[in-house]
Amino acid sequence: MKIEQIYTGCLAQGAYFISSNGEAAVIDPLREVAPYIEKAKREKVKIKYVFETHFHADFVSGHIDLAEKTGAEIIYGPEANTGFKAHIAYDGEVFQLGEVTIKVLHTPGHTMESSCYLLSDKNGKEVALFSGDTLFIGDVGRPDLAQNGSMTQDDLAGILFDSLRTKIMTLPDAVTVYPAHGAGSACGKSMSKETSDSLGNQKRFNYALRADMTKEEFISEVTSGLTEPPQYFPENVKMNRDGYESIDTVLERGDQALSPDAFEAKANNTGALILDTRKPEDFARGFIPNSINIGIDGGFAPWVGALIPDLKHNILLVTEPGREEEVVTRLARVGYDYAIGYLNGGFDVWEKAGKEVDSVTSLSADEFAERYNAGNVKVIDVRKPDEFTSGHVKGAENIALDTINDNMSALSKNETLYVHCAGGYRSMIAASILKARGFDDVVNIEGGFGAISKTAVSLN
C-alpha cells in the first residue's frame with residue numbers, strides 16, 4: 001500500500017493517490033488530470049476509483065475528465081446528486097482497492113453530501129482518514145457555504161458537531177488525518193500550515209474537537225469570525241455537481257499565440273479582459289493599458305476568483321514567455337475556462353511594436369515616509385480588516401482587495417492614491433484595477449506595510 005499527498009500551494013489543496021497491488025484511487029483530483037494518468041502508468045497501476053469528498057467550492061475537481069480518460073468510477077457519499085454518471089455510496093459502504101479497503105463515512109455539516117474515506121490495510125487496521133473539508137488540521141470546515149432557505153449555518157454547524165463526534169472522534173488516535181486543505185484556503189478560518197496529523201493530536205489541539213465542548217459552544221465558536229466567501233464559490237460548486245468542459249478543450253481554446261496586432265484586434269472585438277500575470281515589479285514598469293495584474297507566482301487562482309466576477313468572461317493573457325499553458329491551467333482550476341489567447345513573446349514584443357503602454361509609479365517605503373510626513377496624503381491599505389486592525393498607517397483607509405470593486409466609488413480620481421498591502425503583491429493588483437477604472441494618479445508603496453513599519457511613519 002502506498003499513500004501520496006499531492007499538495008498544491010496556490011489553492012492550499014491536497015489531492016491523494018493511493019495504490020495497492022496494481023490498483024489505484026485518486027481522492028479530490030485537480031482539474032488537470034494528466035499527472036495522475038502519467039503517475040499510474042509509471043507505477044503500473046490502474047486507476048479504479050475517483051473519490052470525491054464533496055462538491056468543492058474553491059476549485060474545479062478533475063473527477064469527470066479522469067473518469068472518462070481511465071474508466072475509473074466516480075464515488076460520492078450519500079445525498080450527492082450529480083449531473084453525470086457516478087456511484088452514490090451509502091454510509092459505511094466499503095470499496096476494495098488491491099489488498100486494502102476504503103470505507104465511506106458520511107459526515108455532513110460542511111455540506112450535506114460531505115463524506116470522509118477511511119483506509120484500512122490488508123489486515124483490517126484503520127490507517128488513514130481522508131477527511132475532505134469536514135476536518136482540517138487545527139480547524140473544521142466552515143458551515144455557511146451550503147446554507148439555504150431551509151437550513152442556516154447554525155443548523156449545519158450542529159450537524160457537523162454530530163458528524164465529528166459520532167464518525168471521526170470514535171476512530172483510533174493513531175489514524176492519520178489527510179484533509180483537503182491547509183492554511184490559506186477560504187474553506188476554513190484557522191487551519192494549520194501542516195497538511196496531515198494523527199487524529200490523537202487533533203483531539204488534543206484542535207479547538208473544535210474538545211471532548212468537553214457542548215454543541216452550543218461548538219456552533220458559537222465555529223460560526224464566529226467567518227468572512228464573506230469568495231464570489232466564485234457557488235459557480236465552482238455548480239460545475240463540480242453538474243459537469244464542465246474537458247480540460248483539453250479549455251487548453252486548446254487558450255493556446256492561441258497572437259501577434260501584437262492580432263492581440264489588440266481580439267481585445268477590441270471581444271471585449272476580453274486583459275490579464276497580465278507577470279511579477280508586480282515588472283508590471284509596474286510597463287503594461288498594456290487597462291490590463292489587470294495578478295501575478296502567477298502569488299495567490300493567483302483565489303485572487304482571480306475573488307476579483308473577476310464572470311467566470312465566462314473572455315480573457316486575453318500577457319505572461320512570462322513559456323508559462324502560457326500554466327496560466328490557462330491555473331485559471332481552469334477555479335472555473336475560468338475562457339482564456340482565448342495570449343500575447344506571443346510577452347510584453348516586450350508589444351513594446352517593441354510601438355504599441356501604447358502604461359505604468360504604475362512605485363515608491364520605496366522611505367520615499368513614501370517623506371511624503372507622508374510632509375502631510376496631506378491619501379493612503380489606501382488593501383489588506384484584510386484583521387491585518388489592518390493589528391497595525392496600520394495613521395489616517396489610512398482600509399479597503400480590502402477583495403472589496404475594491406464595490407468601494408471604488410468612494411475614491412476621488414482627482415487626488416493621488418498611495419496604495420499598499422503587506423508586501424506588495426496585493427497592492428499591485430489593486431493599483432492595476434484602479435488604473436483600469438480611470439484612476440490615473442496611483443502610487444504603489446514597495447514592500448508594503450512590512451517596509452513602512454520600519455520608517456518614521458506614524459502608526460496606529
Side-chain angles (χ1 to χ4, degrees), residues 9-10 183-184 190 193 225 227 276-287 291-300 302-303 306-307 320 347 357-460:
C10 179
S190 58
K193 68 180 186 300
T227 57
D276 190 320
T277 65
R278 294 175 297 149
K279 294 179 175 64
E281 58 270 25
D282 293 336
F283 179 86
R285 287 191 287 269
F287 57 88
S291 57
I292 304 301
N293 174 237
I294 304 179
I296 192 66
D297 291 325
F300 178 71
W303 282 118
L307 296 168
E320 296 173 20
F347 178 74
V357 301
D358 201 350
S359 63
V360 172
T361 300
S362 289
L363 287 182
S364 69
D366 288 332
E367 290 172 315
F368 164 71
E370 290 180 13
R371 295 194 188 186
Y372 176 86
N373 290 323
N376 196 29
V377 296
K378 179 73 170 180
V379 182
I380 307 298
D381 185 333
V382 299
R383 295 177 300 159
K384 296 177 182 179
D386 59 339
E387 294 175 279
F388 183 82
T389 300
S390 67
H392 58 266
V393 174
K394 188 175 181 179
E397 181 176 352
N398 183 216
I399 302 178
L401 177 57
D402 57 356
T403 69
I404 195 165
N405 288 318
D406 298 325
N407 289 289
M408 224 175 289
S409 60
L411 301 175
S412 172
K413 294 181 179 179
N414 298 318
E415 63 181 328
T416 303
L417 303 177
Y418 292 84
V419 182
H420 79 85
C421 59
Y425 179 81
R426 287 174 287 177
S427 62
M428 190 57 68
I429 298 173
S432 70
I433 292 172
L434 289 167
K435 292 279 284 188
R437 300 297 187 273
F439 291 83
D440 294 326
D441 201 358
V442 178
V443 176
N444 177 63
I445 305 170
E446 297 172 348
F449 187 73
I452 293 169
S453 62
K454 298 174 183 176
T455 69
V457 168
S458 298
L459 304 178
N460 278 345

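Relative orientation of the Phe449 and His420 rings is parallel, given thresholds of 30° and 60° on the angle between their planes. Between Phe283 and Phe287, the ring planes are parallel. Angles under 30° get that label, and only those over 60° would be called perpendicular.
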Quiz item: Can you check salt bridge (charged side-chain N to carboxylate O under 4.0 Å, His left out) on Asp276 and Arg278, steps first, answer last?
Solution: CA-CA 6 Å; Asp276 190 320; Arg278 294 175 297 149; 2.8 Å; yes

Practice problem: I would like to know whether Arg437 and Asn405 meet side chain to side chain contact (heavy atoms under 4.5 Å, CB included); could you show each step before the answer? | Solution: CA-CA 10 Å; Arg437 300 297 187 273; Asn405 288 318; 4.0 Å; yes

Quiz item: Given Tyr372 and Ile452, is the side chain to side chain contact (heavy atoms under 4.5 Å, CB included) satisfied, shown in steps?
Solution: CA-CA 11 Å; Tyr372 176 86; Ile452 293 169; over 6 Å; no

Quiz item: Stepwise, does the side chain to side chain donor-acceptor pair (under 3.5 Å) test hold for Asp366 with Thr455?
Solution: CA-CA 6 Å; Asp366 288 332; Thr455 69; 5.5 Å; no

Practice problem: Take Leu411 and Ile380 through the test side chain to side chain contact (heavy atoms under 4.5 Å, CB included) and record every step on the way to the result. | Solution: CA-CA 10 Å; Leu411 301 175; Ile380 307 298; 3.7 Å; yes

Quiz item: How far apart are the C-alpha atoms of Ile294 and Tyr425, what are their side-chain angles, what is the distance that settles it, and do they pass the side chain to side chain contact (heavy atoms under 4.5 Å, CB included) test?
Solution: CA-CA 8 Å; Ile294 304 179; Tyr425 179 81; 3.5 Å; yes

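Distance alone, capped at 3.5 Å, is enough to place a donor-acceptor pair between the Asn398 side chain and the Arg383 backbone. Of the possible polar contacts, one joining the Ser364 side chain to the Glu367 backbone as a donor-acceptor pair under 3.5 Å is found. A side-chain donor-acceptor contact under 3.5 Å links Thr389 to the backbone of Pro385.
By the 4.5 Å heavy-atom criterion applied to side chains, Ile445 and Ser427 are not counted as neighbours. Using a 4.5 Å heavy-atom threshold, the side chains of Ile292 and Leu307 count as separate. Ser362 has its side chain within reach of Met428: a pair of non-hydrogen atoms, C-beta onward, lies under 4.5 Å apart. A 4.5 Å side-chain heavy-atom check between Leu363 and Asn444 finds every atom pair outside the cut-off. Side-chain contact between Lys279 and Glu320: present, with at least one pair of heavy atoms (C-beta onward) separated by less than 4.5 Å. Put simply, the side chain of Ser432 does not reach to within 4.5 Å of the side chain of Val360, judged on heavy atoms. Side-chain contact between Ile433 and Met408 is present, with at least one heavy-atom pair separated by less than 4.5 Å. Lys435 places a side-chain heavy atom less than 4.5 Å from the side chain of Asp358.
With Ile404 as the partner, the side-chain contact (heavy atoms from CB on, under 4.5 Å) test is satisfied by one option alone out of Leu434, Ile429, Val419: Leu434. When each of Val377, Asp440, Asp441 is checked for a side-chain contact (heavy atoms from CB on, under 4.5 Å) with Thr416, only Asp441 meets the rule.
The two atoms that bring Glu415 and Lys378 nearest to each other are OE1-CB, 3.7 Å, heavy atoms only. Between Pro302 and Gly299, the shortest heavy-atom contact is CD-O, 3.5 Å. Smallest separation of non-hydrogen atoms from Ser359 and Ala284: CB-O, 3.3 Å. Across all non-hydrogen atoms, the minimal contact from Ala431 to Val442 is CB-CG1, 3.8 Å. Residues Pro280 and Asn293 come closest through the heavy atom pair CA-OD1, 3.8 Å. When all heavy atoms of Asp381 and Ala396 are compared, the pair lying nearest together is CB-CB, 4.5 Å.
Atom-to-atom distance recorded for Asp402:CG and Asn407:CG is 10.0 Å, nearest 0.5 angstrom. The distance from atom OH of Tyr418 to atom CD of Glu397, rounded to the nearest 0.5 Å, is 16.0 Å.
With respect to Asp386 and Lys384, no salt bridge is recorded, no charged nitrogen being found less than 4.0 Å from a carboxylate O.
For CG of Asn460, the number of neighbouring non-hydrogen atoms (other residues, nucleotides, ligands) closer than 6.0 Å is greater than 12.
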